[in-house]
Amino acid sequence: MELLREEIQNEFVKKIEELSGQNVYACYQCGKCSAGCPLVGQMDILPHTILRLLQMGQKKEALDSETPWFCATCLQCSVKCPKGVDVAGIMDALREFLRRNGVEKMELQKIADRMWKKIPQQGLVSGFRKFSS
Ligand code: SF4
Ligand code: SF4
């Protein structure tokens, strides 16, 4: 398959970089972000692979992934990245991009009343942060 520069560095990737304030090409695929992520067991695509998809301009694959929605915004990945890439910020940007295009997967109203007192406060804060990007 032939990959053209203009197809890889497309408008979608530029928008994610703009929303996150990050340079996705700074990532050199060391995998430390994924190694430290506590939610990888729930994710369909590992965080460092999301970065790779963005580097390759793979819009559909990046946007179809459940990973940004399972991200708890714990910032482990951003702290561990040796290249200073704010991976959590990129997850935020992907959710924001999807929301601006009418996709919403955070449905807090569906959480049963009996669950509210059981949910860890950190989980709640992380969940609500997803609405503030
Ligand atoms: S911020 Fe998200 S992607 Fe990064 S380590 Fe935490 S849960 Fe994983
Ligand atoms: S830790 Fe940083 S450099 Fe390493 S794979 Fe993740 S984003 Fe890329």
Side-chain angles (χ1 to χ4, degrees):
M1 185 173 97
E2 187 180 5
L3 290 173
L4 301 174
R5 182 188 175 113
E6 53 271 24
E7 289 176 2
I8 293 173
Q9 297 180 331
N10 56 37
E11 290 305 311
F12 163 66
V13 176
K14 288 177 188 162
K15 193 66 188 175
I16 295 301
E17 289 189 317
E18 179 192 322
L19 287 171
S20 65
Q22 301 302 302
N23 172 11
V24 300
Y25 302 101
C27 168
Y28 62 178
Q29 289 290 290
C30 69
K32 284 191 176 178
C33 50
S34 298
C37 175
L39 270 299
V40 288
Q42 309 299 318
M43 294 171 172
D44 55 351
I45 295 177
L46 295 176
H48 76 284
T49 307
I50 293 286
L51 263 295
R52 191 62 178 149
L53 288 172
L54 293 173
Q55 289 174 336
M56 299 302 287
Q58 301 300 295
K59 178 178 179 180
K60 183 177 185 323
E61 287 78 1
L63 292 180
D64 282 352
S65 171
E66 297 291 331
T67 293
W69 299 100
F70 276 106
C71 168
T73 324
C74 72
L75 307 182
Q76 276 274 4
C77 49
S78 303
V79 170
K80 283 179 179 285
C81 178
K83 294 298 297 292
V85 178
D86 180 8
V87 183
I90 288 172
M91 298 296 176
D92 263 342
L94 286 166
R95 289 192 297 268
E96 184 62 24
F97 184 93
L98 284 159
R99 283 204 178 96
R100 290 183 184 188
N101 287 279
V103 179
E104 177 56 74
K105 295 195 179 181
M106 287 287 293
E107 297 179 283
L108 295 180
Q109 66 275 19
K110 287 190 177 176
I111 297 177
D113 287 346
R114 63 187 164 77
M115 292 300 296
W116 281 106
K117 287 184 180 173
K118 294 183 180 177
I119 298 173
Q121 288 182 351
Q122 191 177 15
L124 279 176
V125 171
S126 294
F128 280 111
R129 276 198 59 180
K130 293 177 181 175
F131 289 101
S132 60
S133 56

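Note that these values count all heavy atoms, side chains included, but never hydrogens, waters or copies made by symmetry. Atoms within a ligand are numbered from 1 in the order they appear, just like the ligands themselves. Along the sequence shown, the residues carry numbers beginning at 1.
With a heavy-atom cut-off of 4.0 Å, Thr73 touches ligand 1 through its backbone alone. Contacts of Leu75 with ligand 1, taken as heavy-atom pairs under 4.0 Å, involve the backbone alone.
Every atom of ligand 1 is numbered from 1 in the order shown, and the set under 4.0 Å from a heavy atom of Ala88 is 1 (S). When each atom of ligand 2 is checked for a heavy atom of Pro82 under 4.0 Å away, the hits are 1 (S). Under a 4.0 Å criterion applied to the non-hydrogen atoms of Gln76, ligand 1 contributes the atoms 5 (S). Of all atoms in ligand 2, numbered sequentially from 1 with element shown, those under 4.0 Å from a heavy atom of Gln29 are 5 (S), 8 (Fe). Listed by number with element, the atoms of ligand 2 under 4.0 angstrom from any heavy atom of Val87 are 7 (S). Counting the atoms of ligand 1 from 1 in the order shown, those under 4.0 Å from a heavy atom of Cys37 are 3 (S), 5 (S), 7 (S), 8 (Fe). Those atoms of ligand 2 with a heavy atom of His48 less than 4.0 angstrom away are 5 (S). Set against the non-hydrogen atoms of Tyr28, the atoms of ligand 2 under 4.0 Å away are 3 (S), 8 (Fe).
Looking at Lys14 and Glu17, no side-chain N of the basic residue comes within less than 4.0 Å of a carboxylate O on the acidic one, giving no salt bridge.
Annotation: atom 4 (Fe) of ligand 1 to nearest protein heavy atom, Cys77 SG, 2.2 Å. Shortest contact from atom 1 (S) of ligand 2 to any protein heavy atom: Cys33 N, 3.3 Å. For atom 2 (Fe) of ligand 1, the closest non-hydrogen atom on the protein side is Cys71 SG, 2.3 Å. Considering only non-hydrogen protein atoms, atom 6 (Fe) of ligand 1 sits nearest to Cys74 SG, 2.3 Å. Of the protein's non-hydrogen atoms, the one nearest atom 7 (S) of ligand 1 is Ala72 N, 3.3 Å. In terms of protein heavy-atom proximity, atom 5 (S) of ligand 2 is nearest to Gly31 N, 3.2 Å.
Judged purely by atom type and a 3.5 angstrom limit, Glu96 has no side-chain atom pairing as donor or acceptor with the backbone of Leu19. A donor-acceptor distance shorter than 3.5 angstrom exists from the side chain of Ser34 to the backbone of His48, with no hydrogens or angles considered.
Listed here is the closest heavy atom pair of Ala26 and Lys83: O-NZ, 2.8 Å.
No single ILVMFWY cluster, assembled from side-chain heavy atoms under 4.5 Å apart, contains both Met56 and Tyr28. Linking Ile, Leu, Val, Met, Phe, Trp and Tyr whenever their side-chain heavy atoms come within less than 4.5 Å puts Val85 and Ile8 in one cluster. In terms of hydrophobic clustering, with Ile, Leu, Val, Met, Phe, Trp and Tyr side chains grouped at heavy-atom distances under 4.5 Å, Leu4 and Leu53 are assigned to different clusters.
Rounded to the nearest 0.5 angstrom, Lys15 NZ and Asn10 CG are separated by 13.5 Å.
For the pair Met91/Cys77, no side-chain contact is recorded, criterion being any heavy-atom separation below 4.5 Å from C-beta on. Taking the side chain as every heavy atom from C-beta outward, Leu51 and Gln22 never approach each other to under 4.5 Å.
Ile16 pairs in a side chain to side chain contact (heavy atoms under 4.5 Å, CB included) with only one of the listed residues (Leu63, Leu54, Asp92), which is Leu54.
Within the coordination shell of atom 8 (Fe) of ligand 2, defined by N, O or S atoms under 2.8 Å, Cys27 is present. For Cys81, the nearest N, O or S atom to atom 2 (Fe) of ligand 2 falls under 2.8 Å.
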